[in-house]
Amino acid sequence: MRFDALRRKVGQLEDVKDSQHNGNAKRADLKASAILMSNSIRTNTKKRTGHVPGVEIGDIFFFRMEMCLVGLHAQSMAGIDYLIVRGDREEEPLATSIVSSGYYDNAADDTDILIYSGHGEASDQKLVRGNLALERSLQKGNEVRVIRGLKDANSPTTKIYVYDGLYTIQESWVEKAKTGCNIFKYKIVRMSGQPGAFSVWKSVAQWKESVSSRVGLILHDLTLAAETIPVALVNDVDGERGPTCFTYLASVRYSKSFKLSHQTSFGCNCRNACQSGDENCACMTKNGGQTPYIGNGVLVCRKPLVYECGPTCPCTANCKNRVSQTGLKVHLEVFKTKDRGWGLRSWDPIRAGTFICIYAGEATNKAISGEVGDSGDYVFDTTRVYDSFRWNCEPGNEEYDMPYPLVISAKNVGNVARFMNHSCEPNTFWQPVVYENNSETYLNVAFFAMRHIPPMTELTYDYGTPRADVPGGSNGHGRMRCLCGSTRCKGYFV
DNA sequence: GGCTACTCATGCGG
DNA sequence: CCCGCATGAGTAGC
């Protein structure tokens, strides 16, 4: 419950941040947090040592302010956070959490040990504030949360913070820094029995360097270069050598009968990259005047339909409105799960709203005539996007004309999306996207991250409930016992 | 309660 | 791509 509340808040943060982005805002993160702070939309405001409810080991954050809002680390800039313990005679500080930005001593191979420097740079460090708190925590032996700050390999200017669980402080000493000043050093050691977080990142970095170091590797690239990024096939669970045979296809193959007669032509005439708010851009106008995407393929909010610029739109190739047509951007792997067949997960961290993949396969609209229902078909009920769930949805904007569901069969041909399993508490969702090519309108289903997804976390979506009035709406699978393990599990899925 | 110092943030421009 | 710079905001401590 509380976890969900946290997620809503982070979602709100993202939402506000995004709307700020659409304007002329710099530092949208700070504006978003200011809005949330002033409205008391935050959790765990009382400082505590040990875990923070709602935050799990491995959770990732893209801004320091995100960690302030959830109470993981209340300092907006400082690396050491602490609380004041009122003892019998005097008050003393006790460290609660530290952010290791990785500027110092990151060479250490052991991911369970952190050598941390005290704060203060210009002169000899003094044993006050955070430094004193670390010293007291060393004496008391209390648990200290550690957040690892890492460079994002895909975007060198941004930083990602990983909650690496609880550590205790083992030693402290004074050292001469390069500047000639004395600085405090602390040896901080990870408590045993915790699931991997930072160590997972280290492993992934190793696999990227040399894919053969990946244990259980079956195929380096199951797409056979159909995608621009290789997708590894991995099984470190049992002896199965791969999923049943299929042909990899990166895009949707439309059957001859498939026609979106209800969509009128809409392409733009822009000569540059399309701009949010440009009234002359037909694609933007269709999207309600604002770009549906910000940054690097990040969807601002879920909509009944997103109108992308298509291959025949004259705008430049770097137009930000072609997200779902540009292929995979995150480094994925297909892996054998313990009890749910093959699944999909990512080597890269995924920011909330990020485009992951489309659902490729053979598209028909034959559901109307009741001829589908084969195993491997997936019915995307594009007529009821909002019924399955909402994700930062824009209210209103119901101008939408899609009288039948989209049926895509990935039984014989398909892409990575065919491996995504169901969850009642999913971390991705699907979004209908259309674009135009030679005055023909094409409908796609694209998957986006619902929240920040740490590396090596299985990607899932909600398969939804069948429509009684749509033949084939049972998805051909019938009722399946759900193994998603969520506390909100509905027990079965279609 | 107000004020200020402190701080391993950020994004942007050069 | 790396650096410097302006701007920044929560918290502790007075």
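In what follows, chains carry the letters A, B, and so on, assigned in the order in which the sequence lines appear, proteins first and then strands, with residues in each chain numbered from 1.
- Judged by Watson-Crick or G-U wobble contacts below 3.5 Å, the nucleotide C:dC3 has B:dG13 as its partner.
- Going from atom CD1 of A:I147 over to atom P of B:dT7 covers 18 Å, rounded to whole Å.
- Between the P atom of C:dA9 and the CG atom of A:L30 lies a distance of 5 Å, rounded to the nearest Å.
- Relative to the side chain of A:S76, the nucleotides B:dG11, C:dG10, C:dA12 differ in distance, and C:dG10 lies closest.
- No contact: A:K126 has no heavy atom under 4.0 Å from any strand.
- Between the CZ atom of A:R64 and the P atom of C:dT11 there is a distance of 12 Å, rounded to whole Å.
- In this structure, the CG atom of A:D81 is 15 Å from the C1' atom of C:dG13, given to the nearest Å.
- Residue A:I80 is classed as having no contact, given no heavy-atom separation below 4.0 Å to the nucleic acid.
- With rounding to whole Å, A:M77 atom CE is found 8 Å from C:dA9 atom C1'.
- Projected onto DNA chain B by closest heavy-atom contact, A:T158 and A:Q75 fall at different nucleotides, the more 5' of which corresponds to A:Q75.
- Residue A:K47 places at least one side-chain N or O closer than 4.0 Å to OP1 or OP2 of C:dA12.
- Evaluated for a side chain to side chain contact (heavy atoms under 4.5 Å, CB included) with A:Y163, the options A:V146, A:I57, A:V52 yield exactly one hit, A:I57.
- Exactly one of A:V434, A:V300, A:V433 qualifies for a side chain to side chain contact (heavy atoms under 4.5 Å, CB included) with A:V306. That residue is A:V433.
- Closest to the side chain of A:R129, from the set C:dG13, B:dG11, C:dG10, is C:dG13.
- Regarding A:K151, its NZ atom lies at a distance of 10 Å from the C1' atom of C:dC2, rounded to whole Å.
- One atom, CE of A:M67, and another, C1' of C:dT11, lie 15 Å apart when rounded to the nearest Å.
- Under a 4.0 Å N-O distance rule, the pair A:K208/A:D348 qualifies as a salt bridge.
- As a whole-Å value, the separation of A:H119 NE2 from C:dG13 P is 10 Å.
- When each of A:P93 and A:M37 is assigned the nucleotide of DNA chain C bearing its nearest heavy atom, the one mapping closer to the 5' terminus is A:M37.
- Of the side-chain N and O atoms in A:K159, one or more sit less than 4.0 angstrom from OP1 or OP2 of B:dA9.
- Between A:Y161 and B:dT10 there is a side-chain N or O to OP1 or OP2 distance below 4.0 Å.
- For the OP1/OP2 pair of B:dA9 and a distance below 4.0 Å, the side-chain nitrogens and oxygens of A:S101 include at least one atom meeting the criterion.
- In this structure, a donor-acceptor pair under 3.5 Å is present between the side chains of A:E175 and A:W173.
- Within 4.0 Å of A:G130, counting heavy atoms only, lies no atom of the nucleic acid at all.
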**Study point:** side-chain hydrogen bond (donor to acceptor under 3.5 Å, both in side chains) assessment of A:T337 paired with A:E458
**Key:** CA-CA 9 Å; A:T337 64; A:E458 182 172 8; 5.6 Å; no
